[in-house]
Colleague: 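Structure provided below as structure tokens; questions to follow.
In this text, all values refer to a predicted model and were calculated from it rather than measured experimentally. We count ligands from 1, going down the list as the structure has it; atoms in each ligand are counted the same way.
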Amino acid sequence: MDQIPFIKMHGLGNDFVIIDGREQLPKLSVAALRAIADRHRGVGYDQLIVMEPATNGADVFMRIYNSDGSEAEACGNATRCVAHLLMEESDSRSVTIETCAGLLGGTTEDRQHIVIDMGSPKMGWQDIPLSREEDTMHINLTVGPLSNPVGVNMGNPHAVFFVEDADTVDLEKWGPIAETDPLFPEKANISVASKMKNGDIRLRVWERGVGITLACGSAACATMVAANIRGIAGKKATLHLNGGPLDMRISDNGHVFMGGPIAISFRGALDASLLAGAV
Ligand SMILES: N[C@H](CCC[C@H](N)C(=O)O)C(=O)O
């Protein structure tokens, strides 16, 4: 196969190259993943998603790669985009998507605003995971001006730092240092969040394996959980990311729901040179 079709989508600017591998799985080396991710000589993406045949009754298995070529267990915004594609395909308003983190349910009223049940968070120190025992509600970690994060696993690892004003944090500097702190043996997605005057939450994210993104769905879920634990929010809140707002809710059974818009940017095909990792 010398060319592979893809769909370029985004959720609040968190952007994805989505490949339908249900008929034929693409062979993607780390070099190819990085070549495709290159925003000047490739296509450019935060995550590359491969739709694979589901193994346990779900509509699809969703494999997630970060732009550095690492594999991620969860990707909320991409799950909303894949849910949209499946709903369009089957003319339905609900889908089930399997990821390494388990089964996720997607629903919609209009197929443009997609809500995903991201499941329930794991909060044990070994679930995050951390390299030493810690109270994950108040982790003993300081990175520059950031300290005392909440650790949450939404299928993938997150550290949420609450600060006075998230927009004043030098995330380019402190994000990669926190992401790769030895406390996080699988690294971590780093969120800085602050309460807004209207009670909403401002959220900026340094994503594991990517860097600063315009939005991050699983980080929004982790931040919703952390804000509720810290008494900064109730069970519902609007989280304002650089790319726009996500509607968040924690259900009575502890599942985290995330809702927001999706968009198709364009359709294309990956050339053999990119697949060979040539950039
Ligand atoms: N953008 C994604 C998060 C990807 C997480 C990835 N950076 C990881 O390694 O966990 C989201 O919307 O949830």
Colleague: Is ligand 1 under 4.0 Å from a heavy atom in the side chain of Asp46, in the backbone, in both, or in neither?
Modeller: neither
Colleague: Heavy-atom contact check, 4.0 Å cutoff: does Cys216 meet ligand 1?
Modeller: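 Right, Cys216 reaches ligand 1.
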Colleague: Less than 4.0 Å between a side-chain N and a carboxylate O, is that true for Arg202 and Asp167?
Modeller: yes
Colleague: Would you mind checking if Glu89 and Arg22 are paired as a salt bridge, meaning a charged N to carboxylate O distance below 4.0 Å?
Modeller: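 So Arg22 pairs with Glu89 through a salt bridge.
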Colleague: Hey, which atoms in ligand 1 end up nearer than 4.0 Å to a heavy atom of Ser218?
Modeller: 3 (C), 11 (C), 12 (O), 13 (O)
Colleague: Any sub-3.5 Å donor-acceptor pair from Gln47's side-chain atoms to Val17's backbone N or O?
Modeller: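 No, because the side chain of Gln47 does not come within donor-acceptor range (under 3.5 Å) of the backbone of Val17.
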Colleague: Starting from atom 2 (C) of ligand 1, which protein heavy atom do you reach first, and at what distance in Å?
Modeller: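 Sorting protein heavy atoms by distance from atom 2 (C) of ligand 1 puts Cys75 SG, 3.2 Å first.
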Colleague: Where on Ser70 is there a heavy atom closer than 4.0 Å to ligand 1, on the side chain, on the backbone, on both, or on neither?
Modeller: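 It is neither; nothing of Ser70 touches ligand 1.
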Colleague: For ligand 1, which part of Thr213 has a heavy atom less than 4.0 Å away: the side chain, the backbone, both, or neither?
Modeller: neither
Colleague: Apply the side-chain hydrogen bond (donor to acceptor under 3.5 Å, both in side chains) test between Asn14 and each candidate in Asp46, Thr213, Asn242; give the one that qualifies.
Modeller: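 For Asn14, the side-chain hydrogen bond (donor to acceptor under 3.5 Å, both in side chains) test succeeds with only one of Asp46, Thr213, Asn242, which is Asp46.
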Colleague: I need the nearest protein heavy-atom contact for atom 5 (C) of ligand 1: residue, atom name and distance, please.
Modeller: Asn156 ND2, 3.3 Å
Colleague: Looking only at protein heavy atoms, which one is nearest to atom 12 (O) of ligand 1, and what is the separation?
Modeller: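 Looking at atom 12 (O) of ligand 1, the protein heavy atom closest to it is Gly217 N, 2.7 Å.
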Colleague: Please state which option from Glu73, Lys187, Arg80, Glu207 has its nearest heavy atom closest to atom 1 (N) of ligand 1.
Modeller: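 That would be Glu207.
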Colleague: Using a strict 4.0 Å threshold on nitrogen-to-oxygen distance, state whether Arg39 and Asp15 make a salt bridge.
Modeller: yes
Colleague: If the cut-off is 4.0 Å to any non-hydrogen atom of Arg208, which atoms of ligand 1 fall inside it?
Modeller: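 Counting from 1, the qualifying ligand atoms are 6 (C), 7 (N), 8 (C), 9 (O), 10 (O).
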Colleague: Only heavy atoms of Ala74, strictly under 4.0 Å: list the atoms of ligand 1 that pass.
Modeller: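 It comes down to these atoms of ligand 1: 4 (C), 5 (C).
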Colleague: So, the side chain of Asp271 versus the backbone of Leu274: is there a donor-acceptor pair under 3.5 Å, distance only?
Modeller: no
Colleague: Is any N or O atom of Ala72, backbone or side chain, closer than 3.5 Å to an N or O atom of ligand 1?
Modeller: no
Colleague: Hey, does the side chain of Thr108 reach the backbone of Ile114 with a donor-acceptor pair shorter than 3.5 angstrom?
Modeller: no
Colleague: At under 4.0 Å between heavy atoms, is it the side chain or the backbone of Asn14 that contacts ligand 1, or both, or neither?
Modeller: side chain
Colleague: For Asn77, take its heavy atoms, then give the atoms of ligand 1 lying under 4.0 Å from any of them.
Modeller: 11 (C), 12 (O)
Colleague: Return yes or no for this condition: an N or O of Gly76 is under 3.5 Å from an N or O of ligand 1.
Modeller: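 The answer is yes, given that Gly76 and ligand 1 share an N or O pair closer than 3.5 Å.
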Colleague: Could you tell me the separation between the CD1 atom of Ile232 and the CE atom of Met224, rounded to the nearest 0.5 Å?
Modeller: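 Answer rounded to 0.5 Å: 10.0 Å.
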Colleague: Do you know the tightest heavy-atom contact between Trp125 and Arg132?
Modeller: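 Closest approach of Trp125 to Arg132: CE3-O, 3.0 Å.
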Colleague: So does Glu71 pair up with Arg63, basic N to acidic O under 4.0 Å?
Modeller: yes
Colleague: I need the nearest protein heavy-atom contact for atom 6 (C) of ligand 1: residue, atom name and distance, please.
Modeller: Asn66 OD1, 3.2 Å
